[in-house]
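Basis for what follows: all heavy atoms, side chains included, without hydrogens, waters or symmetry-related copies.
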Amino acid sequence: MAQQDLHFVTLLGSLRKASFNGGIARALPGLAPAGVRISALGSVGDFPHYDADLQAEGIPAAVTAMGEAIAAADGVIIVSPEYNYSIPGSLKNAIDWLSRLPQQPFKAKPILIQSASPGALGGARMQYQLRQSFVFLDGRVFNAPEVMVGGAMGKFDKDSGDLTDEGTKAFIAKQLAAFAEFARSPY
């Protein structure tokens, strides 16, 4: 029996053009296993700060569009830095907005979390806090293998932010293959 083709979308938690995490997100389509297509969502920077009064006026178009893209995808790959031992504000804001959609798009959705950091832990604390948010949102968070790229300064091009370390690329490719199997499995 042939395996179903999958489409994953990436949600980038960094706004910086040459960020390490952007480098991972840009590398993902080329590291995906056969039968898996990966495309980028819009920027979390396009969302206004969450405010219930603003929500009462109507959900912003950028939120609706991203929510529809997530709902249509077979899985979401969140690639994000860690700020002050936690989730970057822009990413948390996007998740807060997306969770307010009438059909919350993360419910039962396979979710993969990746991070990179100059520090030794590679964004581990952010990943664990993000997992807590998805417990409430009923997302299906993939557990292992985890990708937490520590010591990122030596693994990315200093000007473009592109991922250059072959060992890291191979490990991410292994994780993507396992995530594809996870996404194909029944909930």
Notebook entry, point to check: Which distance, rounded to the nearest 0.5 Å, do you find between the CG of Asn93 and the CG of Leu98?
Noted result: 9.5 Å
Notebook entry, point to check: For Thr168, which residues count as a side-chain hydrogen bond (donor to acceptor under 3.5 Å, both in side chains) partner, sequence neighbours excluded?
Noted result: Asp165
Next item on the list: Find out if a path of hydrophobic residues (ILVMFWY) with successive side-chain heavy-atom gaps under 4.5 Å connects Val135 to Ile87.
Entry: no
Item checked: side-chain contact (heavy atoms from CB on, under 4.5 Å) against Phe182, all qualifying residues, sequence neighbours excluded -> Pro110, Arg140, Phe142, Phe179
Note to self: Can you tell me how far apart CD (Gln175) and CG (Leu28) are? Round to the nearest 0.5 Å.
What the structure shows: 8.5 Å
Notebook entry, point to check: Is Leu15 linked to Leu12 within one hydrophobic cluster, defined over Ile, Leu, Val, Met, Phe, Trp and Tyr using a side-chain heavy-atom separation of less than 4.5 Å?
Noted result: no
Notebook entry, point to check: Is the backbone N or O of Leu137 less than 3.5 Å from a side-chain atom of Gln104, with the two atoms forming a donor-acceptor pair by type?
Noted result: yes
Notebook entry, point to check: If two hydrophobic side chains count as joined below 4.5 Å and joins carry through other members, does Val149 share a cluster with Leu121?
Noted result: no
Notebook entry, point to check: Could you give all pairs that pass the salt bridge (Lys or Arg N to Asp or Glu O under 4.0 Å) test and reach residues 86-113, with sequence neighbours left out?
Noted result: Lys92-Asp96, Lys107-Asp138
Item checked: Note, Pro60 side chain near Trp97 side chain (heavy atom, < 4.5 Å) -> yes
Margin query: Within the structure provided, determine whether Ser117 and Glu82 are in side-chain contact (heavy-atom separation under 4.5 Å).
Written below: no
Item checked: salt bridge (Lys or Arg N to Asp or Glu O under 4.0 Å) pairs, two or more places apart, involving residues 65-78 -> none
Note to self: Quick check: is Val147 connected to Ile111 through a chain of hydrophobic side chains (ILVMFWY, heavy atoms under 4.5 Å apart)?
What the structure shows: no
Pairs of donor and acceptor atoms involving the side chains of residues 18-26, under 3.5 Å and at least two apart or interchain, shall be tabulated with distances.
unit_1: Ser19; atom_1: OG; unit_2: Ser14; atom_2: OG; d: 3.2
unit_1: Ser19; atom_1: OG; unit_2: Gly22; atom_2: N; d: 2.8
unit_1: Asn21; atom_1: OD1; unit_2: Ala116; atom_2: N; d: 2.9
unit_1: Asn21; atom_1: ND2; unit_2: Ala116; atom_2: O; d: 3.2
unit_1: Arg26; atom_1: NE; unit_2: Asp162; atom_2: OD1; d: 3.1
unit_1: Arg26; atom_1: NH1; unit_2: Gly22; atom_2: O; d: 3.3
unit_1: Arg26; atom_1: NH2; unit_2: Ser160; atom_2: O; d: 3.0
unit_1: Arg26; atom_1: NH2; unit_2: Gly161; atom_2: O; d: 3.4
unit_1: Arg26; atom_1: NH2; unit_2: Asp162; atom_2: OD1; d: 3.0

Margin query: Return the CG to CD1 distance between Leu130 and Ile78, rounded to the nearest 0.5 Å.
Written below: 5.0 Å
Next item on the list: Identify, with sequence neighbours excluded, every residue that meets side-chain contact (heavy atoms from CB on, under 4.5 Å) alongside Thr164.
Entry: Asp157
Note to self: If the condition is side-chain contact (heavy atoms from CB on, under 4.5 Å), which residues does Lys169 pass it with, not counting sequence neighbours?
What the structure shows: Leu31, Leu163, Glu166
Checklist line | Pro105 side chain near Met66 side chain, heavy-atom distance below 4.5 Å | finding: no
Note to self: Show every side chain to side chain donor-acceptor pair (under 3.5 Å) that has at least one partner inside residues 52-62, sequence neighbours left out.
What the structure shows: Tyr50-Gln55
Notebook entry, point to check: With sequence neighbours left out, what residues match Gln132 under side-chain hydrogen bond (donor to acceptor under 3.5 Å, both in side chains)?
Noted result: none
Using a 3.5 Å cut-off and no angle test, enumerate the donor-acceptor pairs between side-chain atoms of residues 32-45 and protein atoms at least two apart in sequence or in another chain.
unit_1: Arg37; atom_1: NH1; unit_2: His7; atom_2: NE2; d: 3.4
unit_1: Ser39; atom_1: OG; unit_2: His7; atom_2: NE2; d: 2.6
unit_1: Ser43; atom_1: OG; unit_2: Gly45; atom_2: N; d: 2.9

Next item on the list: Can you run down the ring pair (Phe, Tyr, Trp, His ring centres under 6.0 Å) pairs that involve residues 65-90, sequence neighbours left out, and say none if there aren't any?
Entry: none
Margin query: Hydrophobic cluster membership, with links at side-chain heavy-atom distances under 4.5 Å among I/L/V/M/F/W/Y: are Val76 and Leu176 in one?
Written below: no
Check: For Met126 and Ser115, which heavy atoms make the closest approach, and how far apart are they?
Finding: CE-CB, 3.6 Å
Item checked: Heavy-atom donor-acceptor pair, Gln114 side chain to Val79 backbone, under 3.5 Å -> no
Check: What heavy-atom pair brings Gly13 and Ser90 nearest, and what distance separates the two atoms?
Finding: O-OG, 3.6 Å
Check: About how many Å separate CD1 of Ile70 and CZ of Phe8, when rounded to the nearest 0.5 Å?
Finding: 14.0 Å
Margin query: Any non-hydrogen side-chain atom of Leu101 less than 4.5 Å from a side-chain atom of Thr64?
Written below: yes
Note to self: Run the side-chain contact (heavy atoms from CB on, under 4.5 Å) test against Arg131 and tell me which residues pass, sequence neighbours left out.
What the structure shows: Ile113, Gln127, Tyr128, Val141, Asn143, Glu146
